[in-house]
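Whatever order the structure lists ligands and atoms in, that order sets their numbers, starting from 1. All of these numbers come straight from a predicted model, not from anything done at the bench.
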Amino acid sequence: MTDRFESLPYRGLPALRLHSPDGGTVTVLRYGAQVVSWQPAPGDERLFMSERAYFAPGKPIRGGIPVVFPQFGPRGPLPRHGFARTLDWTETERRAMDTFTTATWRLSASDATRKIWPAEFAAEVTVSVERSRLDVELHVENPGAAPFEFTTALHTYLAVPELEAIRIAGLEGTEFEDQTRGNIRSRQQTELLAFEEEVDRIYAAPKPQLVLHAPRRPLLIEQSGFRDTVVWNPWEEKCAAFADMAPGEFRRMVCVEAAQTLVPVQLAPGAEWSGRQSLSLAG
Ligand code: TA6
């Protein structure tokens, strides 16, 4: 334990804040191993957290980086977006490196998970921070005797100054499933994705590097291991219908999610899978 690690309550839940040697911080809850804040410099928050987010057992938290596992959305019999985001994870490792600070949390099969999902799994989330970069890695193993499959995402809520002023680059030519139109398949025609209505798209195997163009706050978004990328903004009506979002908050966020949703991951006994999303200050 060094002063790189600070235990604190975050909206009443136990949290660990990691400080990088160059002044960046990331704050991670035990609940869901959910990142709730990334600040490259004090006060410069890059992740969105709803003013009305619930911080209560059993409820998902609207903001930061929820870990979606082992089911994306309502695409299966499990609770929406799986159970990993509403269970406590166990911290297993923390390390203060020369240029960055990192910690790992683990969630394994338990009586509670076996009741709804028979898989013997072990999952780890590793979060690493430096001033200009945040890395989040999900690692899943199958220590059991039977194969299982899962879908997953790092459901990253990025904070944006003004939704209509942002653009996402890197998706041109990529096919997507449009979740606002009965999952019909379309193709991204324009070089830049802009937001003028609800957007809820699963891009199939896009380029692993996207850029969020936001005034004064460009961000490079990279992923590996995860096949797909989900882009989501609920727009006005859906936002107003969410009890855990304040009206108008949809203008301050966009989700860009490293995801594996269209083709589930298959894990044979003894097999492992890893996926990572990295956010870095661009420009
Ligand atoms: O990732 C996009 C999405 O699946 C949307 O369809 C949207 O409803 C969102 O996630 C939020 O889901 P949640 O269960 O957190 O309200």
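Residue contact annotation: Lys238 has no non-hydrogen atom under 4.0 Å from ligand 1.
Each of Lys59, Arg62, Arg52 was compared with Asp244 under the side chain to side chain donor-acceptor pair (under 3.5 Å) criterion, and only Arg62 meets it. Here the options are Phe69, Phe150, Trp273, Phe148, the test is ring pair (Phe, Tyr, Trp, His ring centres under 6.0 Å), and the partner is Phe121; only Phe69 passes. When each of Glu45, Glu162, Glu51 is paired with Arg252, the salt bridge (charged side-chain N to carboxylate O under 4.0 Å, His left out) condition holds for Glu51 and for no other.
Listed by number with element, the atoms of ligand 1 under 4.0 angstrom from any heavy atom of Phe72 are 1 (O), 4 (O). Listed by number with element, the atoms of ligand 1 under 4.0 Å from a non-hydrogen atom of Arg62 are 11 (C), 13 (P), 15 (O), 16 (O).
For Arg181 and Glu197, the salt-bridge test passes: some basic side-chain N is under 4.0 Å from an acidic carboxylate O.
At a 3.5 angstrom cut-off on N or O pairs, His81 counts as close to ligand 1.
Evaluation of the side-chain hydrogen bond (donor to acceptor under 3.5 Å, both in side chains) test over residues 201-210, restricted to residues two or more places apart or in two chains, returns Gln188-Arg201, Gln188-Tyr203, Arg201-Tyr203, Gln209-Glu222.
When only non-hydrogen protein atoms are considered, atom 8 (O) of ligand 1 lies nearest to Arg80 NH2, 3.0 Å. Atom 5 (C) of ligand 1 has Asp200 OD2, 3.1 Å as its closest protein atom, hydrogens excluded (heavy atom only).
Relative to atom 15 (O) of ligand 1, the option among His155, Glu257, Arg85, Glu198 with the closest non-hydrogen atom is Arg85.
Residues Ser132 and Ser280 bring no donor and acceptor atom of their side chains to less than 3.5 Å of each other.
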